[in-house]
Number of protein chains: 2
Amino acid sequence: MEGTSRKIAILDAASKIVAEKGIFYLTLDAVAEEAGISKGGLLYHYRSKEVLVEKMVEHLASNYKSKIDSHAAEDSEEKGKRTRAYLDVTFKNTYKNKDMHAGLLAAKAINPTLLNPIHEVYTEWQHDIENDGLDPIMTTIIRLATDGIWLADLFDINPIDSEQKELIYNTLRKWTFER
Amino acid sequence: MEGTSRKIAILDAASKIVAEKGIFYLTLDAVAEEAGISKGGLLYHYRSKEVLVEKMVEHLASNYKSKIDSHAAEDSEEKGKRTRAYLDVTFKNTYKNKDMHAGLLAAKAINPTLLNPIHEVYTEWQHDIENDGLDPIMTTIIRLATDGIWLADLFDINPIDSEQKELIYNTLRKWTFER
DNA sequence: GAATATGGACCGTCTGGTAGGTATAATGTA
DNA sequence: TACATTATACCTACCAGACGGTCCATATTC
(Lines give C-alpha, C1' and ligand atoms only; values in the text may rest on other atoms or scores of the structure.)
Protein backbone atom coordinates (compact mmCIF):
# COMPACT_ATOMS: atom_id res chain seq x y z
CA MET A 1 0.00 0.00 0.00
CA GLU A 2 1.14 3.51 -0.66
CA GLY A 3 2.61 5.23 2.37
CA THR A 4 0.48 8.27 3.02
CA SER A 5 -2.90 6.59 3.00
CA ARG A 6 -1.66 3.91 5.39
CA LYS A 7 -0.37 6.57 7.74
CA ILE A 8 -3.77 8.25 7.72
CA ALA A 9 -5.51 4.91 8.16
CA ILE A 10 -3.46 4.43 11.31
CA LEU A 11 -4.52 7.83 12.64
CA ASP A 12 -8.15 6.99 11.93
CA ALA A 13 -7.76 3.66 13.68
CA ALA A 14 -6.31 5.40 16.71
CA SER A 15 -9.10 7.94 17.04
CA LYS A 16 -11.69 5.26 16.46
CA ILE A 17 -10.35 3.28 19.39
CA VAL A 18 -10.34 6.24 21.72
CA ALA A 19 -13.82 7.31 20.63
CA GLU A 20 -15.33 3.86 20.98
CA LYS A 21 -13.43 2.28 23.85
CA GLY A 22 -11.63 5.01 25.75
CA ILE A 23 -8.07 6.14 26.25
CA PHE A 24 -6.93 3.11 28.18
CA TYR A 25 -7.56 0.93 25.18
CA LEU A 26 -5.35 3.06 23.00
CA THR A 27 -2.38 0.71 22.97
CA LEU A 28 0.05 0.21 20.16
CA ASP A 29 -1.14 -3.37 19.78
CA ALA A 30 -4.76 -2.28 19.54
CA VAL A 31 -4.02 0.43 16.99
CA ALA A 32 -1.95 -2.00 14.96
CA GLU A 33 -4.74 -4.56 14.93
CA GLU A 34 -7.41 -1.99 14.08
CA ALA A 35 -5.28 -0.73 11.22
CA GLY A 36 -4.56 -4.27 10.03
CA ILE A 37 -0.83 -4.05 10.55
CA SER A 38 1.74 -5.38 12.99
CA LYS A 39 3.11 -3.39 15.89
CA GLY A 40 6.47 -3.25 14.20
CA GLY A 41 4.87 -1.87 11.07
CA LEU A 42 3.02 0.71 13.10
CA LEU A 43 6.19 1.83 14.85
CA TYR A 44 7.85 2.18 11.51
CA HIS A 45 5.39 4.94 10.61
CA TYR A 46 5.18 6.53 14.06
CA ARG A 47 8.25 5.94 16.15
CA SER A 48 6.46 6.25 19.48
CA LYS A 49 3.01 6.41 20.98
CA GLU A 50 3.48 10.05 21.76
CA VAL A 51 4.26 10.89 18.16
CA LEU A 52 1.23 8.89 17.06
CA VAL A 53 -1.06 10.88 19.33
CA GLU A 54 0.59 14.12 18.29
CA LYS A 55 -0.10 13.42 14.64
CA MET A 56 -3.60 12.22 15.43
CA VAL A 57 -4.41 15.53 17.12
CA GLU A 58 -2.98 17.56 14.28
CA HIS A 59 -4.95 15.50 11.78
CA LEU A 60 -8.22 15.95 13.65
CA ALA A 61 -7.68 19.66 14.20
CA SER A 62 -6.92 20.27 10.58
CA ASN A 63 -9.97 18.29 9.46
CA TYR A 64 -12.21 20.19 11.81
CA LYS A 65 -10.75 23.49 10.75
CA SER A 66 -11.20 22.86 7.05
CA LYS A 67 -14.78 21.79 7.62
CA ILE A 68 -15.58 25.05 9.38
CA ASP A 69 -13.70 27.10 6.83
CA SER A 70 -15.58 25.60 3.90
CA HIS A 71 -18.89 26.05 5.70
CA ALA A 72 -18.13 29.73 6.23
CA ALA A 73 -17.10 30.10 2.60
CA GLU A 74 -20.45 28.79 1.43
CA ASP A 75 -22.39 31.30 3.53
CA SER A 76 -23.69 34.13 1.35
CA GLU A 77 -24.42 36.47 4.24
CA GLU A 78 -21.17 38.10 5.31
CA LYS A 79 -22.20 39.21 8.78
CA GLY A 80 -21.94 36.45 11.35
CA LYS A 81 -20.90 33.77 8.89
CA ARG A 82 -17.93 32.57 10.91
CA THR A 83 -19.96 32.29 14.07
CA ARG A 84 -22.63 30.44 12.12
CA ALA A 85 -20.05 28.08 10.67
CA TYR A 86 -18.80 27.18 14.13
CA LEU A 87 -22.33 26.81 15.41
CA ASP A 88 -23.57 24.68 12.53
CA VAL A 89 -20.62 22.34 12.23
CA THR A 90 -20.39 21.70 15.95
CA PHE A 91 -24.10 21.36 16.57
CA LYS A 92 -24.70 19.03 13.69
CA ASN A 93 -21.91 16.69 12.68
CA THR A 94 -22.11 14.73 15.91
CA TYR A 95 -20.24 11.63 14.85
CA LYS A 96 -17.13 13.40 13.75
CA ASN A 97 -17.21 15.43 16.94
CA LYS A 98 -16.66 12.21 18.80
CA ASP A 99 -13.38 11.81 16.99
CA MET A 100 -12.41 15.30 17.98
CA HIS A 101 -13.30 14.51 21.57
CA ALA A 102 -11.10 11.48 21.27
CA GLY A 103 -8.18 13.55 20.16
CA LEU A 104 -8.58 16.07 22.94
CA LEU A 105 -8.88 13.45 25.62
CA ALA A 106 -5.95 11.44 24.38
CA ALA A 107 -3.74 14.47 24.08
CA LYS A 108 -4.69 15.78 27.49
CA ALA A 109 -4.05 12.37 29.03
CA ILE A 110 -0.77 11.55 27.38
CA ASN A 111 0.89 14.93 27.20
CA PRO A 112 -0.94 18.25 27.51
CA THR A 113 1.52 19.99 25.22
CA LEU A 114 0.08 17.89 22.43
CA LEU A 115 -2.94 20.17 22.69
CA ASN A 116 -0.95 23.02 21.17
CA PRO A 117 -2.28 22.61 17.63
CA ILE A 118 -5.82 22.69 19.02
CA HIS A 119 -4.94 25.76 20.99
CA GLU A 120 -3.83 27.53 17.83
CA VAL A 121 -6.96 26.63 15.93
CA TYR A 122 -9.17 27.87 18.75
CA THR A 123 -7.30 31.13 19.06
CA GLU A 124 -7.89 31.74 15.39
CA TRP A 125 -11.58 30.90 15.65
CA GLN A 126 -12.02 33.14 18.64
CA HIS A 127 -10.47 35.98 16.70
CA ASP A 128 -12.79 35.34 13.75
CA ILE A 129 -15.80 35.18 16.00
CA GLU A 130 -14.95 38.44 17.72
CA ASN A 131 -14.62 40.11 14.32
CA ASP A 132 -17.66 38.79 12.57
CA GLY A 133 -19.55 42.04 12.02
CA LEU A 134 -21.59 41.59 15.19
CA ASP A 135 -21.28 42.35 18.88
CA PRO A 136 -18.27 40.26 19.95
CA ILE A 137 -19.78 39.55 23.35
CA MET A 138 -22.84 38.03 21.72
CA THR A 139 -20.91 35.97 19.20
CA THR A 140 -18.62 34.71 21.93
CA ILE A 141 -21.60 33.68 24.01
CA ILE A 142 -22.92 31.81 20.98
CA ARG A 143 -19.61 30.03 20.68
CA LEU A 144 -19.50 29.19 24.35
CA ALA A 145 -23.03 27.83 24.36
CA THR A 146 -22.05 25.68 21.37
CA ASP A 147 -19.09 24.39 23.31
CA GLY A 148 -21.44 23.68 26.20
CA ILE A 149 -23.39 21.32 23.99
CA TRP A 150 -20.14 19.73 23.03
CA LEU A 151 -19.07 19.25 26.63
CA ALA A 152 -22.37 17.60 27.41
CA ASP A 153 -21.90 15.24 24.48
CA LEU A 154 -18.36 14.48 25.54
CA PHE A 155 -19.33 13.24 28.96
CA ASP A 156 -22.73 11.93 27.96
CA ILE A 157 -24.21 14.23 30.56
CA ASN A 158 -26.66 15.84 28.20
CA PRO A 159 -29.98 16.10 29.94
CA ILE A 160 -31.36 18.41 27.25
CA ASP A 161 -33.90 16.71 25.01
CA SER A 162 -33.56 17.06 21.28
CA GLU A 163 -36.63 19.29 20.95
CA GLN A 164 -35.20 21.78 23.43
CA LYS A 165 -31.85 21.49 21.70
CA GLU A 166 -33.41 22.46 18.41
CA LEU A 167 -35.01 25.53 19.99
CA ILE A 168 -31.64 26.54 21.40
CA TYR A 169 -30.01 26.05 18.05
CA ASN A 170 -32.64 28.22 16.40
CA THR A 171 -32.23 30.95 18.99
CA LEU A 172 -28.46 31.01 18.71
CA ARG A 173 -28.64 30.97 14.95
CA LYS A 174 -31.10 33.88 14.92
CA TRP A 175 -28.63 35.88 16.99
CA THR A 176 -26.02 35.48 14.27
CA PHE A 177 -28.12 37.67 11.97
CA GLU A 178 -29.15 40.40 14.38
CA ARG A 179 -27.82 43.87 15.10
CA MET B 1 -6.21 7.82 62.09
CA GLU B 2 -9.96 7.60 62.15
CA GLY B 3 -11.46 5.82 59.20
CA THR B 4 -13.71 8.31 57.50
CA SER B 5 -11.28 11.19 57.27
CA ARG B 6 -8.58 8.93 55.90
CA LYS B 7 -10.98 7.64 53.28
CA ILE B 8 -11.70 11.19 52.20
CA ALA B 9 -8.01 12.07 52.27
CA ILE B 10 -7.46 9.23 49.82
CA LEU B 11 -10.14 10.57 47.49
CA ASP B 12 -8.57 14.02 47.64
CA ALA B 13 -5.17 12.54 46.89
CA ALA B 14 -6.61 10.77 43.87
CA SER B 15 -8.25 13.84 42.38
CA LYS B 16 -5.15 15.90 43.07
CA ILE B 17 -3.05 13.48 41.06
CA VAL B 18 -5.42 13.51 38.12
CA ALA B 19 -5.75 17.29 38.20
CA GLU B 20 -2.04 17.93 38.40
CA LYS B 21 -0.46 15.11 36.45
CA GLY B 22 -3.13 13.47 34.33
CA ILE B 23 -5.01 10.23 34.28
CA PHE B 24 -2.07 8.03 33.43
CA TYR B 25 -0.44 8.93 36.70
CA LEU B 26 -3.46 7.80 38.67
CA THR B 27 -1.97 4.51 39.87
CA LEU B 28 -2.61 2.82 43.17
CA ASP B 29 1.01 3.32 44.14
CA ALA B 30 0.84 7.03 43.38
CA VAL B 31 -2.41 7.52 45.29
CA ALA B 32 -1.02 5.59 48.24
CA GLU B 33 2.10 7.72 48.31
CA GLU B 34 0.18 10.98 47.94
CA ALA B 35 -2.10 9.96 50.78
CA GLY B 36 0.85 8.89 52.92
CA ILE B 37 -0.24 5.27 53.15
CA SER B 38 0.87 1.94 51.74
CA LYS B 39 -0.81 0.27 48.80
CA GLY B 40 -2.12 -2.44 51.09
CA GLY B 41 -3.68 0.17 53.32
CA LEU B 42 -5.24 1.92 50.35
CA LEU B 43 -6.73 -1.30 49.06
CA TYR B 44 -8.18 -1.96 52.46
CA HIS B 45 -10.34 1.15 52.12
CA TYR B 46 -11.09 0.78 48.41
CA ARG B 47 -10.89 -2.76 47.21
CA SER B 48 -10.08 -1.86 43.60
CA LYS B 49 -9.07 1.06 41.45
CA GLU B 50 -12.50 1.14 39.88
CA VAL B 51 -14.19 1.48 43.26
CA LEU B 52 -11.76 4.22 44.19
CA VAL B 53 -12.61 6.22 41.09
CA GLU B 54 -16.31 5.56 41.59
CA LYS B 55 -16.18 6.99 45.10
CA MET B 56 -14.02 9.84 43.96
CA VAL B 57 -16.58 10.86 41.36
CA GLU B 58 -19.43 10.63 43.84
CA HIS B 59 -17.48 12.69 46.32
CA LEU B 60 -16.72 15.42 43.80
CA ALA B 61 -20.26 15.50 42.47
CA SER B 62 -21.74 15.80 45.92
CA ASN B 63 -19.30 18.57 46.86
CA TYR B 64 -20.11 20.48 43.73
CA LYS B 65 -23.80 20.02 44.21
CA SER B 66 -23.80 21.22 47.81
CA LYS B 67 -21.78 24.25 46.84
CA ILE B 68 -24.32 25.23 44.22
CA ASP B 69 -27.24 24.49 46.50
CA SER B 70 -25.90 26.68 49.28
CA HIS B 71 -25.15 29.47 46.82
CA ALA B 72 -28.73 29.35 45.56
CA ALA B 73 -30.05 29.32 49.13
CA GLU B 74 -28.19 32.54 49.91
CA ASP B 75 -29.68 34.34 46.93
CA SER B 76 -32.47 36.68 48.05
CA GLU B 77 -33.94 37.14 44.57
CA GLU B 78 -36.08 34.12 43.80
CA LYS B 79 -36.23 34.46 40.04
CA GLY B 80 -33.17 33.03 38.33
CA LYS B 81 -31.36 32.11 41.49
CA ARG B 82 -30.58 28.56 40.46
CA THR B 83 -29.19 29.65 37.13
CA ARG B 84 -27.15 32.31 38.92
CA ALA B 85 -25.84 29.76 41.38
CA TYR B 86 -24.63 27.54 38.56
CA LEU B 87 -23.14 30.48 36.73
CA ASP B 88 -21.36 31.95 39.75
CA VAL B 89 -19.95 28.75 41.17
CA THR B 90 -18.68 27.50 37.85
CA PHE B 91 -17.31 30.82 36.63
CA LYS B 92 -15.50 31.61 39.83
CA ASN B 93 -14.18 28.74 41.91
CA THR B 94 -11.67 27.78 39.25
CA TYR B 95 -9.36 25.65 41.37
CA LYS B 96 -12.03 23.31 42.60
CA ASN B 97 -13.34 23.03 39.06
CA LYS B 98 -10.06 21.41 38.19
CA ASP B 99 -10.86 18.66 40.64
CA MET B 100 -14.23 18.20 39.04
CA HIS B 101 -12.55 17.97 35.63
CA ALA B 102 -10.29 15.39 37.12
CA GLY B 103 -13.20 13.31 38.22
CA LEU B 104 -14.94 13.49 34.88
CA LEU B 105 -11.85 12.60 32.94
CA ALA B 106 -10.94 9.71 35.18
CA ALA B 107 -14.44 8.31 35.14
CA LYS B 108 -14.75 8.63 31.39
CA ALA B 109 -11.39 6.96 30.91
CA ILE B 110 -11.75 4.09 33.32
CA ASN B 111 -15.40 3.24 32.99
CA PRO B 112 -18.03 5.55 31.52
CA THR B 113 -20.75 4.11 33.72
CA LEU B 114 -18.93 5.77 36.62
CA LEU B 115 -20.30 8.99 35.20
CA ASN B 116 -23.79 8.05 36.32
CA PRO B 117 -23.76 10.09 39.54
CA ILE B 118 -22.67 13.11 37.51
CA HIS B 119 -25.41 12.42 35.05
CA GLU B 120 -27.99 12.49 37.82
CA VAL B 121 -26.72 15.76 39.25
CA TYR B 122 -26.79 17.38 35.85
CA THR B 123 -30.28 16.19 35.11
CA GLU B 124 -31.43 17.78 38.34
CA TRP B 125 -29.66 21.05 37.58
CA GLN B 126 -31.08 21.18 34.10
CA HIS B 127 -34.55 20.74 35.56
CA ASP B 128 -33.93 23.53 38.06
CA ILE B 129 -32.59 25.82 35.38
CA GLU B 130 -35.57 25.24 33.12
CA ASN B 131 -37.90 26.09 36.02
CA ASP B 132 -36.23 29.14 37.41
CA GLY B 133 -38.95 31.72 36.79
CA LEU B 134 -37.40 32.78 33.49
CA ASP B 135 -37.49 31.75 29.85
CA PRO B 136 -36.06 28.20 29.93
CA ILE B 137 -34.33 28.66 26.59
CA MET B 138 -32.47 31.66 27.91
CA THR B 139 -31.48 30.05 31.18
CA THR B 140 -30.31 26.95 29.34
CA ILE B 141 -28.20 29.08 27.05
CA ILE B 142 -26.67 30.70 30.12
CA ARG B 143 -25.86 27.27 31.48
CA LEU B 144 -24.38 26.11 28.21
CA ALA B 145 -22.21 29.18 27.87
CA THR B 146 -20.99 28.56 31.40
CA ASP B 147 -20.14 25.02 30.44
CA GLY B 148 -18.32 26.40 27.43
CA ILE B 149 -16.02 28.34 29.74
CA TRP B 150 -15.53 25.17 31.66
CA LEU B 151 -14.63 23.17 28.56
CA ALA B 152 -12.08 25.79 27.59
CA ASP B 153 -10.53 25.58 31.06
CA LEU B 154 -10.49 21.81 30.91
CA PHE B 155 -8.40 21.65 27.78
CA ASP B 156 -6.51 24.87 28.37
CA ILE B 157 -7.82 26.08 25.07
CA ASN B 158 -9.16 29.31 26.44
CA PRO B 159 -8.28 32.07 24.05
CA ILE B 160 -10.63 34.51 25.79
CA ASP B 161 -8.82 37.14 27.83
CA SER B 162 -9.97 37.81 31.37
CA GLU B 163 -11.39 41.22 30.53
CA GLN B 164 -13.65 39.76 27.86
CA LYS B 165 -14.51 36.94 30.22
CA GLU B 166 -15.67 39.43 32.80
CA LEU B 167 -17.90 41.16 30.25
CA ILE B 168 -19.43 37.83 29.32
CA TYR B 169 -20.00 36.98 32.93
CA ASN B 170 -21.73 40.32 33.47
CA THR B 171 -23.93 39.85 30.42
CA LEU B 172 -24.97 36.34 31.40
CA ARG B 173 -25.62 37.42 34.96
CA LYS B 174 -27.76 40.35 33.80
CA TRP B 175 -29.87 37.89 31.82
CA THR B 176 -30.67 35.99 34.99
CA PHE B 177 -32.67 38.95 36.21
CA GLU B 178 -34.56 39.89 33.08
CA ARG B 179 -38.02 39.10 31.79
C1' DG C 1 -9.68 -11.75 71.29
C1' DA C 2 -12.16 -9.91 67.62
C1' DA C 3 -12.61 -6.12 64.54
C1' DT C 4 -10.26 -2.37 62.33
C1' DA C 5 -6.43 -0.45 60.02
C1' DT C 6 -1.95 -0.71 57.76
C1' DG C 7 2.49 -2.57 55.94
C1' DG C 8 5.15 -5.07 52.58
C1' DA C 9 6.55 -8.91 49.77
C1' DC C 10 5.14 -11.00 45.76
C1' DC C 11 2.91 -12.34 41.19
C1' DG C 12 0.79 -12.51 36.49
C1' DT C 13 -0.31 -9.59 32.94
C1' DC C 14 0.07 -5.93 29.93
C1' DT C 15 2.61 -2.32 27.53
C1' DG C 16 5.88 0.59 25.10
C1' DG C 17 9.70 -0.05 22.82
C1' DT C 18 13.98 -2.63 20.76
C1' DA C 19 16.43 -5.79 17.75
C1' DG C 20 16.89 -7.80 13.88
C1' DG C 21 15.06 -9.83 10.07
C1' DT C 22 12.49 -10.17 5.14
C1' DA C 23 10.41 -8.85 0.72
C1' DT C 24 9.71 -5.60 -2.77
C1' DA C 25 10.53 -1.49 -5.29
C1' DA C 26 13.55 2.24 -6.72
C1' DT C 27 17.97 3.76 -8.10
C1' DG C 28 22.54 3.71 -9.55
C1' DT C 29 26.24 1.85 -12.41
C1' DA C 30 29.15 -1.25 -15.52
C1' DT D 1 20.73 -4.83 -20.12
C1' DA D 2 22.32 -7.01 -16.00
C1' DC D 3 23.69 -6.59 -11.60
C1' DA D 4 24.44 -4.30 -7.15
C1' DT D 5 22.95 -1.15 -3.73
C1' DT D 6 19.66 1.32 -1.05
C1' DA D 7 15.29 2.75 0.67
C1' DT D 8 10.71 1.60 1.89
C1' DA D 9 7.46 -0.98 4.27
C1' DC D 10 6.54 -4.16 6.81
C1' DC D 11 6.90 -8.61 10.49
C1' DT D 12 8.29 -11.72 14.62
C1' DA D 13 10.34 -12.36 18.88
C1' DC D 14 11.56 -10.49 22.85
C1' DC D 15 12.43 -7.63 27.10
C1' DA D 16 12.30 -4.60 31.11
C1' DG D 17 9.35 -2.14 33.76
C1' DA D 18 4.95 -0.83 35.56
C1' DC D 19 0.58 -1.92 37.30
C1' DG D 20 -3.52 -3.96 39.67
C1' DG D 21 -4.31 -6.99 42.90
C1' DT D 22 -3.47 -11.04 46.42
C1' DC D 23 -1.71 -12.77 50.66
C1' DC D 24 -0.30 -12.64 54.98
C1' DA D 25 1.92 -10.47 58.93
C1' DT D 26 1.26 -6.83 62.40
C1' DA D 27 -0.29 -3.17 65.23
C1' DT D 28 -3.97 -0.78 67.59
C1' DT D 29 -8.39 -0.27 69.55
C1' DC D 30 -12.53 -1.72 71.83
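Chain naming here is simple, since letters A, B, ... match the order of the sequence lines and numbering starts at 1 in each. Remember, predicted model here, so these are calculated numbers, not experimental data. All values below come from the heavy atoms of this structure, side chains included, with hydrogens, waters and symmetry mates left out.
- In this structure, the ring-ring contact (aromatic ring centres under 6.0 Å, His included) partners of Tyr122(B), at least two apart in sequence or on a different chain, are Trp125(B).
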Would you tabulate the nitrogen or oxygen pairs shorter than 3.5 Å linking the protein to nucleotides 14-16 of chain C?
residue	atom	partner	partner atom	Å
dG16(C)	OP1	Lys49(A)	NZ	2.7
dG16(C)	OP2	Leu28(A)	N	2.9
dG16(C)	N7	Lys39(A)	NZ	2.8

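- Considering only residues two or more places apart in sequence or on other chains, Asp69(A) meets the side chain to side chain donor-acceptor pair (under 3.5 Å) condition with Lys65(A).
- Nearest approach of Ile118(A) to Ala61(A), heavy atoms of both residues: CD1-CB, 4.0 Å.
- Using modelled atom types, no side-chain atom of Asp99(A) and backbone atom of Ala19(A) make a donor-acceptor pair closer than 3.5 Å.
- Applying the salt bridge (Lys or Arg N to Asp or Glu O under 4.0 Å) rule to pairs touching residues 141-150 of chain B yields Arg143(B)-Asp147(B), sequence neighbours excluded.
- As rounded to whole Å, 12 Å separates atom P of dT8(D) from atom NE2 of His45(A).
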Identify all pairs in which a protein N or O lies below 3.5 Å from an N or O of nucleotides 19-24 of chain C, and state each distance.
none

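- Between Lys7(B) atom NZ and dT6(C) atom P there is a gap of 11 Å when expressed in whole angstrom units.
- In Glu33(A), the CD atom is not crowded: 12 or fewer heavy atoms of neighbouring residues, nucleotides or ligands sit closer than 6.0 Å.
- Whole-Å rounding puts the Leu42(A) CG to dT12(D) C1' distance at 15 Å.
- Under the ring-ring contact (aromatic ring centres under 6.0 Å, His included) criterion, Phe24(B) pairs with Phe24(A), sequence neighbours left out.
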Please tabulate, one pair per line, each protein N/O and nucleotide N/O from nucleotides 25-28 of chain D that are separated by under 3.5 Å, including the distance.
none

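- Between the side chain of Lys98(B) and the main chain of Glu20(B), no donor-acceptor pair closer than 3.5 Å is present.
- Look at CD on Glu33(B): it is 15 Å from C1' on dG8(C), rounded to the nearest Å.
- For Tyr169(A), the ring-ring contact (aromatic ring centres under 6.0 Å, His included) partners are Phe91(A), not counting sequence neighbours.
- With sequence neighbours left out, the ring-ring contact (aromatic ring centres under 6.0 Å, His included) criterion links Tyr46(B) to no other residue.
- Within the 3.5 Å criterion, the main-chain N or O of Thr113(A) finds a donor-acceptor partner in the side chain of Asn116(A).
- Within residues 103-111 of chain B, no residue has any heavy atom under 4.0 Å from DNA chain C.
- Rounded to whole angstrom, the span from the CD1 atom of Ile8(B) across to the P atom of dA5(C) amounts to 13 Å.
- Contact annotation: Arg6(A) side-chain N/O to dT8(D) OP1/OP2 distance is not under 4.0 Å.
- Remark: Glu77(B) engages Asp75(B), Lys79(B), Arg84(B), Phe177(B) in a side-chain contact (heavy atoms from CB on, under 4.5 Å) (not counting sequence neighbours).
- For the OP1/OP2 pair of dT18(C) and a distance below 4.0 Å, the side-chain nitrogens and oxygens of Arg47(A) include no atom meeting the criterion.
- A straight line from OH of Tyr44(B) to P of dG8(C) spans 18 Å, rounded to a whole angstrom.
- Residues satisfying the salt bridge (Lys or Arg N to Asp or Glu O under 4.0 Å) test with Asp12(A), not counting sequence neighbours, are none.
- Counting only distance, with no hydrogens or angles, the side chain of Thr139(A) and the backbone of Ile129(A) share a donor-acceptor pair below 3.5 Å.
- Between Leu43(B) atom CG and dT4(C) atom P the separation is 18 Å, expressed in whole Å.
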